[in-house]
Number of protein chains: 2
Amino acid sequence: MDNKEIEQKLESKNVKPTAMRTLVYKTLAETGKALSLADLEQRFEKVERSTIFRALKTFEENFIVHPVDDGSGSVKYAVCDDECTCNIHDLHVHFYCTRCGRTRCMKELPIPNIKLPEGYTYDNAQFIINGVCPRCD
Amino acid sequence: MDNKEIEQKLESKNVKPTAMRTLVYKTLAETGKALSLADLEQRFEKVERSTIFRALKTFEENFIVHPVDDGSGSVKYAVCDDECTCNIHDLHVHFYCTRCGRTRCMKELPIPNIKLPEGYTYDNAQFIINGVCPRCD
DNA sequence: TTAAACTTTGCAATAGTGTTGCACTAACTT
DNA sequence: AAGTTAGTGCAACACTATTGCAAAGTTTAA
Ligand SMILES: [Mn+2]
Ligand SMILES: [Mn+2]
Ligand SMILES: [Zn+2]
Ligand SMILES: [Zn+2]
(Lines give C-alpha, C1' and ligand atoms only; values in the text may rest on other atoms or scores of the structure.)
(Ligands and ions follow the chains in the order given, each with its own letter.)
Protein backbone atom coordinates (compact mmCIF):
# COMPACT_ATOMS: atom_id res chain seq x y z
CA MET A 1 0.00 0.00 0.00
CA ASP A 2 1.72 3.15 -1.14
CA ASN A 3 1.53 6.56 0.46
CA LYS A 4 -0.90 7.94 -2.10
CA GLU A 5 -3.41 5.26 -1.29
CA ILE A 6 -3.01 5.77 2.43
CA GLU A 7 -3.53 9.47 2.08
CA GLN A 8 -6.70 8.91 0.13
CA LYS A 9 -7.88 6.42 2.69
CA LEU A 10 -7.37 8.86 5.56
CA GLU A 11 -8.99 11.69 3.66
CA SER A 12 -11.98 9.53 2.88
CA LYS A 13 -12.43 9.22 6.63
CA ASN A 14 -12.02 12.96 7.19
CA VAL A 15 -8.59 12.77 8.72
CA LYS A 16 -5.87 14.99 7.38
CA PRO A 17 -2.99 12.79 6.28
CA THR A 18 0.05 14.19 8.00
CA ALA A 19 3.44 12.52 7.71
CA MET A 20 3.17 10.90 11.12
CA ARG A 21 -0.33 9.63 10.58
CA THR A 22 0.58 8.16 7.25
CA LEU A 23 3.52 6.40 8.83
CA VAL A 24 1.46 4.99 11.68
CA TYR A 25 -1.28 3.81 9.37
CA LYS A 26 1.21 2.26 6.98
CA THR A 27 2.86 0.31 9.76
CA LEU A 28 -0.44 -1.05 11.03
CA ALA A 29 -1.59 -1.96 7.55
CA GLU A 30 1.64 -3.64 6.56
CA THR A 31 2.14 -5.76 9.64
CA GLY A 32 -1.50 -6.80 9.47
CA LYS A 33 -1.53 -7.42 13.20
CA ALA A 34 -2.79 -5.48 16.15
CA LEU A 35 -0.03 -3.29 17.61
CA SER A 36 0.23 -1.40 20.85
CA LEU A 37 1.51 2.11 21.36
CA ALA A 38 4.76 0.66 22.65
CA ASP A 39 5.05 -1.69 19.67
CA LEU A 40 4.69 1.22 17.29
CA GLU A 41 7.01 3.42 19.29
CA GLN A 42 9.88 1.02 19.01
CA ARG A 43 9.35 0.47 15.31
CA PHE A 44 10.29 4.01 14.58
CA GLU A 45 12.53 5.03 17.38
CA LYS A 46 12.48 8.79 16.99
CA VAL A 47 8.78 9.55 16.95
CA GLU A 48 7.12 10.81 20.09
CA ARG A 49 4.86 8.50 22.10
CA SER A 50 2.25 11.23 22.45
CA THR A 51 2.16 11.88 18.74
CA ILE A 52 1.50 8.23 18.01
CA PHE A 53 -1.01 8.14 20.83
CA ARG A 54 -2.91 11.04 19.35
CA ALA A 55 -2.79 9.58 15.87
CA LEU A 56 -4.32 6.36 17.18
CA LYS A 57 -7.05 8.23 19.04
CA THR A 58 -7.88 10.19 15.93
CA PHE A 59 -7.99 7.01 13.89
CA GLU A 60 -10.19 5.35 16.44
CA GLU A 61 -12.68 8.19 16.51
CA ASN A 62 -12.94 8.05 12.75
CA PHE A 63 -13.26 4.29 12.39
CA ILE A 64 -9.90 3.88 10.77
CA VAL A 65 -8.62 1.51 13.44
CA HIS A 66 -10.29 -0.42 16.24
CA PRO A 67 -8.85 -1.11 19.68
CA VAL A 68 -8.27 -4.63 20.93
CA ASP A 69 -7.79 -5.18 24.61
CA ASP A 70 -6.24 -8.63 24.64
CA GLY A 71 -5.39 -8.69 28.31
CA SER A 72 -1.67 -8.33 27.66
CA GLY A 73 -1.59 -5.11 29.62
CA SER A 74 -1.61 -2.71 26.72
CA VAL A 75 -4.36 -1.97 24.28
CA LYS A 76 -3.55 -2.80 20.69
CA TYR A 77 -4.91 -1.33 17.48
CA ALA A 78 -5.73 -2.90 14.13
CA VAL A 79 -6.93 -1.38 10.88
CA CYS A 80 -10.63 -1.52 10.19
CA ASP A 81 -12.20 -2.73 6.98
CA ASP A 82 -13.26 -0.01 4.59
CA GLU A 83 -16.91 0.05 5.46
CA CYS A 84 -16.44 -0.53 9.18
CA THR A 85 -18.29 1.69 11.59
CA CYS A 86 -17.17 -0.26 14.63
CA ASN A 87 -20.67 -1.31 15.51
CA ILE A 88 -22.04 -4.69 16.47
CA HIS A 89 -22.03 -5.91 12.89
CA ASP A 90 -18.36 -5.21 12.41
CA LEU A 91 -17.27 -7.02 15.54
CA HIS A 92 -15.10 -10.10 15.22
CA VAL A 93 -13.12 -12.43 17.41
CA HIS A 94 -9.49 -11.65 18.25
CA PHE A 95 -6.87 -14.26 18.91
CA TYR A 96 -4.07 -13.67 21.37
CA CYS A 97 -1.15 -16.06 21.27
CA THR A 98 0.16 -16.59 24.76
CA ARG A 99 3.53 -17.72 23.43
CA CYS A 100 4.52 -14.93 21.07
CA GLY A 101 2.15 -12.23 22.29
CA ARG A 102 0.87 -11.57 18.78
CA THR A 103 -2.75 -10.55 18.37
CA ARG A 104 -4.71 -11.24 15.21
CA CYS A 105 -8.07 -10.10 13.90
CA MET A 106 -10.17 -13.13 13.03
CA LYS A 107 -12.33 -11.26 10.56
CA GLU A 108 -13.72 -14.56 9.35
CA LEU A 109 -15.20 -15.15 12.81
CA PRO A 110 -17.93 -12.65 13.65
CA ILE A 111 -18.87 -12.38 17.30
CA PRO A 112 -21.78 -14.73 17.86
CA ASN A 113 -25.10 -13.22 18.69
CA ILE A 114 -25.98 -13.53 22.36
CA LYS A 115 -29.38 -13.09 23.85
CA LEU A 116 -29.03 -10.98 26.96
CA PRO A 117 -31.51 -11.12 29.83
CA GLU A 118 -34.30 -8.51 29.91
CA GLY A 119 -33.17 -5.01 30.68
CA TYR A 120 -29.67 -5.15 29.30
CA THR A 121 -28.67 -3.27 26.18
CA TYR A 122 -25.84 -4.29 23.93
CA ASP A 123 -23.54 -1.63 22.46
CA ASN A 124 -20.27 -3.33 21.89
CA ALA A 125 -18.29 -6.44 22.71
CA GLN A 126 -14.83 -7.92 22.88
CA PHE A 127 -14.27 -11.61 22.38
CA ILE A 128 -10.66 -12.63 22.90
CA ILE A 129 -9.48 -16.17 22.51
CA ASN A 130 -6.20 -17.07 24.14
CA GLY A 131 -4.15 -19.94 22.88
CA VAL A 132 -1.21 -20.81 20.69
CA CYS A 133 -0.95 -19.69 17.10
CA PRO A 134 0.23 -21.85 14.18
CA ARG A 135 3.62 -20.12 14.09
CA CYS A 136 4.31 -20.99 17.70
CA ASP A 137 2.87 -24.47 17.74
CA MET B 1 -22.06 -16.05 54.26
CA ASP B 2 -20.47 -16.13 57.69
CA ASN B 3 -16.79 -16.36 58.48
CA LYS B 4 -16.90 -20.04 59.35
CA GLU B 5 -18.22 -20.89 55.94
CA ILE B 6 -15.65 -18.73 54.22
CA GLU B 7 -12.86 -20.33 56.17
CA GLN B 8 -14.06 -23.78 55.17
CA LYS B 9 -14.35 -22.67 51.59
CA LEU B 10 -10.77 -21.40 51.50
CA GLU B 11 -9.45 -24.47 53.24
CA SER B 12 -11.23 -26.72 50.78
CA LYS B 13 -9.18 -25.00 48.09
CA ASN B 14 -5.95 -25.38 50.07
CA VAL B 15 -5.65 -21.75 51.03
CA LYS B 16 -5.04 -20.88 54.64
CA PRO B 17 -7.82 -18.55 55.78
CA THR B 18 -6.09 -15.55 57.27
CA ALA B 19 -8.01 -12.53 58.51
CA MET B 20 -7.21 -10.50 55.40
CA ARG B 21 -8.07 -13.28 52.99
CA THR B 22 -11.35 -13.91 54.72
CA LEU B 23 -12.19 -10.24 54.51
CA VAL B 24 -11.33 -10.00 50.83
CA TYR B 25 -13.31 -13.11 49.99
CA LYS B 26 -16.27 -11.97 52.02
CA THR B 27 -16.38 -8.64 50.23
CA LEU B 28 -16.27 -10.25 46.82
CA ALA B 29 -18.91 -12.80 47.75
CA GLU B 30 -21.25 -10.29 49.33
CA THR B 31 -21.17 -7.67 46.59
CA GLY B 32 -21.64 -10.42 44.00
CA LYS B 33 -19.90 -8.29 41.41
CA ALA B 34 -16.42 -8.25 39.95
CA LEU B 35 -14.19 -5.84 41.87
CA SER B 36 -10.79 -4.42 41.09
CA LEU B 37 -7.87 -4.06 43.44
CA ALA B 38 -8.66 -0.36 43.74
CA ASP B 39 -12.34 -1.09 44.43
CA LEU B 40 -11.39 -3.42 47.25
CA GLU B 41 -8.76 -1.06 48.57
CA GLN B 42 -11.20 1.74 49.09
CA ARG B 43 -13.78 -0.52 50.71
CA PHE B 44 -11.55 -1.09 53.64
CA GLU B 45 -9.35 1.90 53.80
CA LYS B 46 -6.59 0.67 56.06
CA VAL B 47 -5.53 -2.54 54.38
CA GLU B 48 -2.44 -2.55 52.22
CA ARG B 49 -2.78 -2.66 48.44
CA SER B 50 -0.10 -5.32 48.22
CA THR B 51 -1.79 -7.54 50.74
CA ILE B 52 -5.02 -7.48 48.81
CA PHE B 53 -3.08 -7.97 45.61
CA ARG B 54 -1.42 -11.07 46.99
CA ALA B 55 -4.66 -12.43 48.35
CA LEU B 56 -6.23 -12.10 44.91
CA LYS B 57 -3.29 -13.81 43.23
CA THR B 58 -3.47 -16.66 45.68
CA PHE B 59 -7.20 -16.97 45.10
CA GLU B 60 -6.72 -16.92 41.37
CA GLU B 61 -4.09 -19.66 41.45
CA ASN B 62 -6.40 -21.83 43.48
CA PHE B 63 -9.55 -21.27 41.43
CA ILE B 64 -11.28 -19.32 44.16
CA VAL B 65 -11.74 -16.24 42.00
CA HIS B 66 -11.38 -15.56 38.30
CA PRO B 67 -10.09 -12.39 36.67
CA VAL B 68 -12.23 -10.31 34.32
CA ASP B 69 -10.57 -7.82 32.08
CA ASP B 70 -13.48 -5.64 31.11
CA GLY B 71 -11.45 -2.97 29.37
CA SER B 72 -12.04 -0.43 32.11
CA GLY B 73 -8.32 -0.19 32.74
CA SER B 74 -8.14 -2.41 35.77
CA VAL B 75 -8.64 -6.12 36.03
CA LYS B 76 -11.52 -7.16 38.23
CA TYR B 77 -12.08 -10.36 40.18
CA ALA B 78 -15.20 -12.37 40.86
CA VAL B 79 -15.77 -15.47 42.95
CA CYS B 80 -15.83 -18.78 41.13
CA ASP B 81 -18.49 -21.41 41.49
CA ASP B 82 -17.63 -24.26 43.80
CA GLU B 83 -16.56 -26.75 41.17
CA CYS B 84 -14.87 -24.24 38.89
CA THR B 85 -11.42 -25.03 37.57
CA CYS B 86 -11.32 -21.97 35.33
CA ASN B 87 -11.13 -24.02 32.17
CA ILE B 88 -13.08 -23.68 28.96
CA HIS B 89 -16.17 -25.28 30.44
CA ASP B 90 -16.39 -22.79 33.25
CA LEU B 91 -16.11 -19.75 31.02
CA HIS B 92 -19.02 -17.38 30.80
CA VAL B 93 -19.87 -13.99 29.38
CA HIS B 94 -19.23 -10.84 31.44
CA PHE B 95 -21.27 -7.70 31.16
CA TYR B 96 -19.71 -4.29 31.63
CA CYS B 97 -22.07 -1.37 32.12
CA THR B 98 -20.60 1.69 30.50
CA ARG B 99 -22.74 3.97 32.66
CA CYS B 100 -22.04 2.75 36.17
CA GLY B 101 -18.86 0.79 35.49
CA ARG B 102 -20.21 -2.31 37.21
CA THR B 103 -19.17 -5.67 35.89
CA ARG B 104 -21.32 -8.77 36.28
CA CYS B 105 -20.77 -12.46 35.72
CA MET B 106 -23.41 -13.80 33.38
CA LYS B 107 -23.09 -17.36 34.60
CA GLU B 108 -26.24 -18.25 32.72
CA LEU B 109 -24.47 -17.40 29.45
CA PRO B 110 -21.62 -19.79 28.70
CA ILE B 111 -19.11 -18.64 26.12
CA PRO B 112 -20.26 -20.04 22.78
CA ASN B 113 -18.11 -22.62 21.15
CA ILE B 114 -16.07 -21.23 18.28
CA LYS B 115 -14.39 -23.25 15.61
CA LEU B 116 -10.93 -21.84 15.09
CA PRO B 117 -9.02 -22.23 11.82
CA GLU B 118 -6.52 -25.09 11.54
CA GLY B 119 -3.41 -24.72 13.63
CA TYR B 120 -4.82 -22.64 16.45
CA THR B 121 -5.27 -24.04 19.92
CA TYR B 122 -7.79 -22.73 22.39
CA ASP B 123 -6.84 -22.41 26.07
CA ASN B 124 -8.99 -19.68 27.41
CA ALA B 125 -11.25 -16.82 26.42
CA GLN B 126 -12.81 -13.58 27.54
CA PHE B 127 -16.13 -12.43 26.17
CA ILE B 128 -17.12 -9.02 27.43
CA ILE B 129 -20.33 -7.33 26.43
CA ASN B 130 -20.53 -3.59 26.88
CA GLY B 131 -23.83 -1.87 27.29
CA VAL B 132 -26.19 -0.45 29.86
CA CYS B 133 -27.45 -2.50 32.77
CA PRO B 134 -31.06 -2.56 34.05
CA ARG B 135 -30.17 -0.37 37.02
CA CYS B 136 -28.84 2.38 34.79
CA ASP B 137 -31.39 2.19 32.03
C1' DT C 1 1.96 37.95 0.26
C1' DT C 2 1.44 38.46 4.77
C1' DA C 3 -0.87 38.19 9.20
C1' DA C 4 -4.13 35.86 11.84
C1' DA C 5 -6.19 31.49 13.03
C1' DC C 6 -6.05 26.83 13.53
C1' DT C 7 -3.77 22.17 13.70
C1' DT C 8 -0.16 19.13 14.75
C1' DT C 9 3.92 17.89 17.13
C1' DG C 10 7.50 17.48 20.88
C1' DC C 11 8.50 17.56 25.51
C1' DA C 12 7.75 17.19 30.17
C1' DA C 13 4.92 16.11 33.80
C1' DT C 14 1.34 13.31 35.96
C1' DA C 15 -2.04 9.71 37.35
C1' DG C 16 -3.10 4.95 37.83
C1' DT C 17 -2.29 -0.03 37.79
C1' DG C 18 0.40 -3.75 38.77
C1' DT C 19 4.41 -5.75 40.95
C1' DT C 20 8.47 -6.75 43.90
C1' DG C 21 12.28 -6.63 47.69
C1' DC C 22 12.84 -6.47 52.25
C1' DA C 23 12.24 -6.35 57.03
C1' DC C 24 8.89 -7.48 60.63
C1' DT C 25 5.43 -10.28 62.73
C1' DA C 26 2.42 -14.11 63.29
C1' DA C 27 1.74 -19.01 62.99
C1' DC C 28 3.29 -23.66 62.99
C1' DT C 29 6.71 -27.53 64.10
C1' DT C 30 9.53 -30.20 66.82
C1' DA D 1 10.92 -22.41 73.80
C1' DA D 2 13.66 -22.06 69.58
C1' DG D 3 13.72 -22.65 64.80
C1' DT D 4 11.28 -22.53 60.48
C1' DT D 5 7.82 -21.04 57.41
C1' DA D 6 4.09 -18.06 55.80
C1' DG D 7 1.82 -13.57 55.71
C1' DT D 8 1.85 -8.52 56.03
C1' DG D 9 3.19 -3.54 55.62
C1' DC D 10 5.91 -0.29 53.49
C1' DA D 11 8.43 1.72 50.02
C1' DA D 12 10.12 1.65 45.67
C1' DC D 13 9.61 0.87 40.78
C1' DA D 14 8.09 -0.25 35.91
C1' DC D 15 4.90 0.65 32.59
C1' DT D 16 0.71 2.34 30.29
C1' DA D 17 -2.07 6.05 29.38
C1' DT D 18 -2.95 10.83 29.30
C1' DT D 19 -2.56 15.99 29.39
C1' DG D 20 -0.80 21.10 29.39
C1' DC D 21 1.86 23.95 27.10
C1' DA D 22 4.82 26.04 23.90
C1' DA D 23 7.02 25.61 19.31
C1' DA D 24 6.43 24.55 14.49
C1' DG D 25 3.65 23.88 10.55
C1' DT D 26 -0.44 24.63 7.70
C1' DT D 27 -4.51 26.96 6.05
C1' DT D 28 -7.37 31.04 5.32
C1' DA D 29 -8.56 35.44 4.07
C1' DA D 30 -7.43 40.12 3.84
MN1 LIG E 1 -9.92 -6.77 14.73
MN1 LIG F 1 -17.37 -14.39 35.96
ZN1 LIG G 1 2.25 -17.18 18.53
ZN1 LIG H 1 -25.03 0.15 35.14
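Just so it is clear: chains get the letters A, B, ... in the order the sequence lines come, proteins before strands, and each one is counted from 1. Quick note: numbers below take in every heavy atom, side chains included, and nothing from hydrogens, waters or symmetry partners.
- The CD atom of Glu11(B) sits 14 Å away from the P atom of dA27(C) (whole-angstrom rounding).
- Donor-acceptor pairing under 3.5 Å, judged by distance alone, is absent between the side chain of Ser74(A) and the base of dC15(D).
- The nearest whole Å value for the distance from the CD atom in Glu41(A) to the P atom in dA17(D) is 11 Å.
- Nearest to the side-chain atoms of Phe53(B) among the listed nucleotides dT18(D), dT19(C), dT9(C) stands dT19(C).
- Side-chain proximity of Arg54(B) to the nucleotides dA6(D), dT16(D), dC10(D) is greatest for dC10(D).
- Note: NZ (Lys76(B)) to C1' (dG18(C)) measures 16 Å, nearest angstrom.
- Residue Thr27(B) holds its OG1 atom at 4.0 Å from CZ of Phe44(B), rounded to the nearest 0.5 Å.
- Between Arg104(A) and Cys133(A), the closest side-chain pair of non-hydrogen atoms is not below 4.5 Å.
- Spacing between atom CG of Leu37(A) and atom C1' of dT9(C) amounts to 15 Å, rounded to whole angstrom units.
- The CG atom of Leu10(A) sits 14 Å away from the C1' atom of dT8(C) (whole-angstrom rounding).
- Put simply, CD1 on Ile52(A) is 13 Å from C1' on dT16(D), counting in whole angstrom units.
- In the set dT8(D), dT9(C), dG18(C), dT8(D) carries the atom at the smallest distance from any side-chain atom of Met20(B).
- Relative to the side chain of Thr18(A), the nucleotides dT8(C), dG7(D), dG10(C) differ in distance, and dT8(C) lies closest.
- Ring to ring, Tyr77(B) and Phe59(B) are not that close: their centroids are 6.0 angstrom or more apart.
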For side-chain contact (heavy atoms from CB on, under 4.5 Å), just list the numbers for Asn62(A) and Leu10(A), CA-CA rounded to whole Å, side-chain angles, deciding distance to a tenth of an Å, and then say yes or no. CA-CA 9 Å; Asn62(A) 292 280; Leu10(A) 299 186; over 6 Å; no
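- Nearest-nucleotide positions on DNA chain C for Lys57(B) and Lys16(B) put Lys57(B) closer to the 5' end.
- Both Arg49(A) and Ser50(B) sit near DNA chain D, but only Ser50(B) has its closest nucleotide nearer the 5' end.
- Salt bridge Asp39(B)/Lys76(B): absent, no basic N to carboxylate O contact under 4.0 Å.
- For the pair Glu48(B) CD and dT19(C) P, the computed distance is 15 Å after rounding to whole Å.
- Regarding Phe44(B), its CZ atom lies at a distance of 15 Å from the C1' atom of dG9(D), rounded to whole Å.
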